[in-house]
Amino acid sequence: MAAASGSVLRRCIVSPAGRHSASLIFLHGSGDSGQGLRMWIKQVLNQDLTFQHIKIIYPTAPPSIFLLLGGFSMGGCMAMHLAYRNHQDVAGVFALSSFLNKASAVYQALQKSNGVLPELFQCHGTADELVLHSWAEETNSMLKSLGVTTKFHSFPDVYHELSKTELDILKLWILTKLPGEMEKQK
């Protein structure tokens, strides 16, 4: 469990019985922990929830100000939905090569929002032919018009892929949102 004191995010893992080829992240409810959820499931089943090939990860959610959500392509879209519709108290959101459609439920949720919203860090390649750069720009503009603070980075000649420059800039942004103990003291 993360806290202002800098403790470590705790997680509980159940290893697969055989060769690991898939993973499941099982999230706990409000007021619980990863270990608590695992024990509850164990109590209901009279044994651990196990699979031959699936590793189960039960993370314990930290205080939300220490949590970033993000992803690439559909993962970025899912992060925007999760943060802006359900968890507007996270530290930030990143979306790489991602977009929201014009009638997204995210926009509808933000029209009803009246609090401080997490910042969006967005990157997109100008040569992306799968998720068009213009779609990402439109998403960014719409979110900005609904009160989201955004940072948008375009990468010339980058297709639907990750680039080193993009990841380097993302790392810097992550460290501004989740600084280590030394950076907090400065």
Side-chain angles (χ1 to χ4, degrees), residues 1-100 104-106 109 118-125 128 130-131 158-181 183:
M1 170 146 53
S5 64
S7 59
V8 179
L9 175 68
R10 294 184 191 158
R11 66 191 185 286
C12 179
I13 297 176
V14 177
S15 297
R19 190 173 144 298
H20 176 215
S21 63
S23 296
L24 166 68
I25 299 173
F26 206 135
L27 303 175
H28 64 78
S30 180
D32 203 351
S33 67
Q35 183 66 32
L37 178 58
R38 178 185 178 189
M39 296 310 294
W40 187 18
I41 290 170
K42 207 171 181 177
Q43 182 181 18
V44 171
L45 295 177
N46 291 319
Q47 65 181 26
D48 255 324
L49 178 62
T50 60
F51 297 91
Q52 188 65 27
H53 65 293
I54 301 171
K55 175 196 291 186
I56 303 174
I57 304 161
Y58 297 95
T60 296
S64 55
I65 60 167
F66 298 104
L67 184 64
L68 293 176
L69 297 173
F72 175 82
S73 194
M74 183 58 78
C77 176
M78 289 175 61
M80 289 186 281
H81 272 271
L82 186 59
Y84 296 120
R85 292 176 65 196
N86 302 97
H87 296 282
Q88 295 179 355
D89 56 349
V90 297
V93 181
F94 65 90
L96 313 175
S97 300
S98 303
F99 80 106
L100 297 171
S104 175
V106 170
E119 180 179 67
L120 173 65
F121 178 91
Q122 198 174 1
C123 295
H124 212 94
D128 191 336
L130 183 62
V131 176
V158 173
Y159 294 88
H160 196 66
E161 59 190 343
L162 295 171
S163 73
K164 182 179 182 333
T165 305
E166 173 183 26
L167 292 176
D168 286 341
I169 295 170
L170 174 62
K171 281 174 58 177
L172 292 173
W173 179 79
I174 289 170
L175 289 173
T176 66
K177 293 296 180 184
L178 302 175
E181 288 303 313
E183 289 81 10

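Side-chain atoms are counted along with the backbone in the values below, which use heavy atoms only and exclude waters and symmetry mates. FYI, the numbering just counts along the sequence from 1. Here the structure is a predicted model, which means the values were calculated and not measured.
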Do Lys177 and Phe121 pass the side-chain contact (heavy atoms from CB on, under 4.5 Å) test, and can you show the C-alpha distance, the side-chain angles, and the key distance before you say yes or no?
CA-CA 11 Å; Lys177 293 296 180 184; Phe121 178 91; over 6 Å; no
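One distance of note links CG of Asp128 with CG of Leu96; it measures 11.5 Å at 0.5 Å rounding. Separation of atoms CG (Asp48) and OG (Ser15) is listed at 10.0 Å; rounding is to 0.5 Å. The line from OG of Ser98 to NE2 of His81 is 10.5 Å long, rounded to the nearest 0.5 Å. We find the OG1-CG distance between Thr165 and Leu170 to be 12.5 Å, quoted to the nearest 0.5 Å. Atom CG in Leu167 sits 9.0 Å away from atom CD1 in Ile174 (nearest 0.5 Å). The OG atom of Ser23 sits 9.5 Å away from atom CD1 of Ile56, with the distance rounded to the nearest 0.5 Å.
Trp40 pairs in a side-chain contact (heavy atoms from CB on, under 4.5 Å) with only one of the listed residues (Lys42, Arg38, Gln43), which is Gln43.
In terms of heavy atoms, Glu119 sits closest to Trp173 at OE1-NE1, 2.6 Å. Closest heavy-atom contact between Thr60 and Gln35: OG1-N, 4.3 Å. Between Thr50 and Val14 the shortest heavy-atom distance is CG2-CG1, 3.7 Å. For Ala79 against Phe94, the heavy-atom pair with the smallest separation is CB-O, 4.3 Å. Across every non-hydrogen atom of Leu67 and Val90, the tightest pair is O-CB, 3.4 Å. Contact record, Glu166 with Glu161: OE1-O, 3.7 Å, taken as the closest heavy-atom pair.
Side-chain contact check for Phe72 versus His160: some heavy-atom pair is nearer than 4.5 Å.
Proximity of a side-chain donor or acceptor of Ser97 to a complementary backbone N or O of Ser73 within less than 3.5 Å is not detected. Within the 3.5 Å criterion, the main-chain N or O of Ala22 finds a donor-acceptor partner in the side chain of His20.
Relative orientation of the Tyr58 and Phe26 rings is parallel, given thresholds of 30° and 60° on the angle between their planes.
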